[in-house]
Amino acid sequence: MRVLVTGGAGFIGSHVVEALTARGHESVVFDVRREAGSDVRSGEAVSRALRGVDAVCHQAAMVGLGSGFADAAEYVSRNDLGTAVLLAAMADAGVRRLVLAGSMVVYGEGRYTCERHGVVRPGPRDVGDLEAGRFEPTCPVCGEELCCGLVGEDAPADPRNVYATTKLAQEHLAAAWARSTSGAAVSLRYHNVYGPGMPRDTPYAGVASFFRSALARGEAPRVFEDGRQRRDFVHVRDVAAANVAALEADAAEGALTVYNTGSGEPHTVGEMARALAVAYGGPAPVVTGEYRLGDVRHITADSSRLRTALGWKPAVGFQEGMREFAGARLRGECAR
């Protein structure tokens, strides 16, 4: 199979290219880092890249929370306009297979249950509560404490920031493309991806990169809130393997199929910071009580559909992955 990998020189995309090569497929890397003019918003450049291609693995995106709402237009341009241009070119070129880098951020908060009211969906957290160190969402009906659980793919979407909104829009565009062209589209809703080649800390990097970059500077990782927010940290090689599995499997024509893509091992952010600090041999994390508007408290999802449907399963455990990540070089970092 000949696969166009947008963002193929980036963190996840480069691992996807390696995984495709290992399976005997040919990758066409399309990335602004690799070649001037390789921007998914350029219809002419995308059309050239699609020649002779059997499928597209769309990894190119502007990620993370960024530096505030001032980034909104850039997020929409890169993620949503870029996806629309790509899909239009695919429709014209007759390429009918797409795997999209989705994200669990489309869910907003995770799944919560109240002892009295069952499954509930708390709204965005109040600034006053965050300032006072009250980080846990409460029942929107009675105000009592909630229990958090795993989110399934059928849960309603509730994006809480600009990035999340653009990722949901990408899925809607992919679904519309599939219906219009009888194409097959898959969205892999990634959890917190980490691993070798992750970019150094910028406003657009993930929390694992922030912590690893701090340790490289000899500083203690700074953990926001109380460190008890739950996430699913999934290794980048496992994510790459999921992309290959989705490309190789039969997919429903004329529709978008969604799969949560996580390790299945929820951990708190504080646990991750401690494991990474120990593996690196650096200072212990500091819990700051700070917060970021737009962050959610807990988000961990059920990835059993992906395992059952595609036969995929993660191969890198949490402790093993953190030990490797502690010694790996970040993108743009000098050798340790």
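Position 1 is the first residue of the sequence, and the numbers go up from there. Predicted, not measured: the structure shown is a model, and the values here were computed from it.
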(message) Could you see if Leu98 belongs to whatever hydrophobic cluster contains Val17? Use Ile, Leu, Val, Met, Phe, Trp, Tyr and a side-chain cutoff under 4.5 Å.
(response) no
(request) Determine the sole option in Arg329, Arg212, Arg237 for which the salt bridge (Lys or Arg N to Asp or Glu O under 4.0 Å) test with Glu324 is passed. (result) Arg237
(message) When you measure from the side chain of Asp238 to the backbone of Pro314, do you find a donor-acceptor pair of N or O atoms at a distance under 3.5 Å?
(response) no
(message) Between Asp80 and Lys167 (salt bridge meaning N to carboxylate O under 4.0 Å), is one present in this structure?
(response) no
(message) Please determine whether the number of non-hydrogen atoms from other residues, nucleotides or ligands lying under 6.0 Å from atom CD of Glu44 exceeds 12.
(response) no
(message) If we ignore hydrogens and angles and just use 3.5 Å, is the side chain of Arg179 paired with the main-chain N or O of Ala174 as donor and acceptor?
(response) no
(message) I'd like to know whether CD of Glu219 has more than 12 heavy-atom contacts from other residues, nucleotides or ligands below 6.0 angstrom.
(response) yes
(message) Using the rule that Ile, Leu, Val, Met, Phe, Trp and Tyr join whenever any side-chain heavy atoms are under 4.5 Å apart, tell me whether Leu20 and Val236 fall into a single cluster.
(response) yes
(message) Do the side chains of Arg125 and Glu225 get close enough for a salt bridge, i.e. N-O under 4.0 angstrom?
(response) yes
(message) Are the side chains of Cys114 and Cys142 in contact, using a 4.5 Å heavy-atom criterion?
(response) yes
(message) Please tell me whether Gln229 and Asp295 have a donor and an acceptor in their side chains that are separated by less than 3.5 angstrom.
(response) no
(request) Please report the C-alpha distance between Arg297 and Asp226 in whole Å, then the side-chain angles of each, then the deciding distance to 0.1 Å, and finally whether the salt bridge (charged side-chain N to carboxylate O under 4.0 Å, His left out) criterion is met. (result) CA-CA 10 Å; Arg297 179 61 174 173; Asp226 58 4; 2.9 Å; yes
(message) Run the side-chain contact (heavy atoms from CB on, under 4.5 Å) test on Arg231 and Val269 for me, step by step, so that the C-alpha distance in whole Å, both residues' side-chain angles and the decisive distance to 0.1 Å come before the verdict.
(response) CA-CA 7 Å; Arg231 298 290 188 270; Val269 172; 4.0 Å; yes
(message) Let me check something: do Leu310 and Leu247 share a hydrophobic cluster, defined by ILVMFWY side-chain heavy atoms less than 4.5 Å apart, either directly or through other members?
(response) yes
(request) Assert yes or no for the condition that the ring centre distance of Phe233 to His191 is strictly below 6.0 Å. (result) no
(message) For Ser209 and Arg200, which I'm curious about, is there any donor-acceptor pair between the side chains at under 3.5 Å?
(response) no
(message) With clusters defined by side-chain heavy atoms of hydrophobic residues (ILVMFWY) lying less than 4.5 Å apart, directly or transitively, does Met104 cluster with Leu150?
(response) no
(message) Could you tell me if His235 and Ser263 have a donor-acceptor pair between their side chains, going purely by distance under 3.5 Å?
(response) no
(message) As a test of understanding, state which of Leu100, Leu87, Leu50 forms a side chain to side chain contact (heavy atoms under 4.5 Å, CB included) with Val56.
(response) Leu50
(message) Pair Glu26, Met1 - check side-chain contact (heavy atoms from CB on, under 4.5 Å), show working.
(response) CA-CA 6 Å; Glu26 179 185 358; Met1 189 188 318; over 6 Å; no
(message) Could you check whether any side-chain heavy atom of Val193 comes within less than 4.5 Å of a side-chain heavy atom of Phe11, counting everything from C-beta outward?
(response) yes
(request) Using the six-membered ring wherever Trp is involved, compare the ring planes of Tyr112 and His298 and label them parallel, tilted or perpendicular (cut-offs 30° and 60°). (result) tilted
(message) For a 4.5 angstrom cut-off between non-hydrogen side-chain atoms, does Leu330 reach Ser213?
(response) yes
(request) Would you indicate whether Arg2, at its atom CZ, is surrounded by more than 12 heavy atoms from other residues, nucleotides or ligands within a distance under 6.0 Å? (result) yes
(message) Could you check whether any side-chain heavy atom of Tyr190 comes within less than 4.5 Å of a side-chain heavy atom of Val234, counting everything from C-beta outward?
(response) no
(request) Using a 4.5 Å cut-off on heavy atoms from C-beta on, say whether the side chain of Thr165 contacts that of Arg160. (result) no
(request) Please answer: with hydrophobic residues joined when any side-chain heavy atoms are less than 4.5 Å apart, are Val239 and Val3 in the same cluster? (result) yes
(request) Answer yes or no: is there a side-chain heavy-atom contact under 4.5 Å between Val29 and Leu4? (result) no
(message) Nearest 0.5 Å, please: how far is OG in Ser187 from CZ in Arg189?
(response) 6.0 Å
(message) Just verifying a value: how many Å separate Thr268 OG1 and Glu271 CD, rounded to the nearest 0.5 Å?
(response) 3.5 Å
(message) Nearest 0.5 angstrom please: Glu290 CD to Arg222 CZ, how far?
(response) 4.5 Å
(message) Determine whether Leu146 and Glu115 satisfy the following criterion, side-chain contact (heavy atoms from CB on, under 4.5 Å), listing intermediate values before the conclusion.
(response) CA-CA 8 Å; Leu146 299 172; Glu115 286 188 359; over 6 Å; no
(message) Name the residue from Thr300, Asp158, Asn260 that meets the side chain to side chain donor-acceptor pair (under 3.5 Å) definition with Tyr107.
(response) Asn260
(request) Please indicate whether Arg116 has more than 12 foreign heavy atoms, meaning atoms of other residues, nucleotides or ligands, lying under 6.0 Å from its CZ. (result) no
(message) Checking side-chain polar atoms at under 3.5 Å, does Gln170 have a donor or acceptor matched by the opposite partner on Thr83?
(response) yes
(message) Could you check whether any side-chain N or O of Thr257 sits under 3.5 Å from a backbone N or O of Val186, counting only pairs where one atom can act as donor and the other as acceptor?
(response) no
(message) Quick check for you: to the nearest 0.5 Å, what is the distance between Asn192 atom CG and Met272 atom CE?
(response) 7.5 Å
(message) Between Thr308 (side chain only) and Arg305 (backbone N and O only), is there a donor and an acceptor less than 3.5 Å apart?
(response) no
(request) For atom CZ of Arg228, decide whether the heavy atoms of other residues, nucleotides or ligands shown that lie under 6.0 angstrom number more than 12. (result) no
(request) Would you check if His58 and Leu86 make a side-chain contact, meaning some heavy-atom pair closer than 4.5 Å? (result) yes
(request) Find out whether Leu215 and Pro283 are in side-chain contact, i.e. whether some heavy atom of one side chain is under 4.5 Å from a heavy atom of the other. (result) yes
(message) Check the orientation of His267 and Phe318. Use parallel for under 30°, tilted for 30 to 60°, and perpendicular for over 60°.
(response) parallel
(message) We want to know whether Glu253 and Ser182 form a side-chain donor-acceptor pair, criterion being a heavy-atom distance below 3.5 angstrom.
(response) no
(request) Starting at OH of Tyr163, measure out to OG of Ser103 and round the result to the nearest 0.5 Å. (result) 4.0 Å
(request) Working to the nearest 0.5 Å, report the span between CZ of Phe211 and CG of Leu276. (result) 8.5 Å
(request) Please work out which of the three classes, parallel, tilted or perpendicular, describes the rings of Phe325 and Tyr194, given edges at 30° and 60°. (result) perpendicular
(message) Would Arg307 and Asp302 count as a salt bridge (charged side-chain N to carboxylate O under 4.0 Å, His left out) here? Give the steps.
(response) CA-CA 10 Å; Arg307 298 177 186 226; Asp302 182 355; over 6 Å; no
(request) Go through the side-chain N and O atoms of Asn161 and Tyr75 and say whether any donor and acceptor fall under 3.5 Å apart. (result) no
(request) Indicate whether the side chain of His25 and that of Glu248 have a donor and an acceptor atom separated by less than 3.5 Å. (result) yes
(request) Applying side-chain contact (heavy atoms from CB on, under 4.5 Å), run through Thr288 and Val223 and close with a yes or a no. (result) CA-CA 6 Å; Thr288 69; Val223 180; 6.0 Å; no
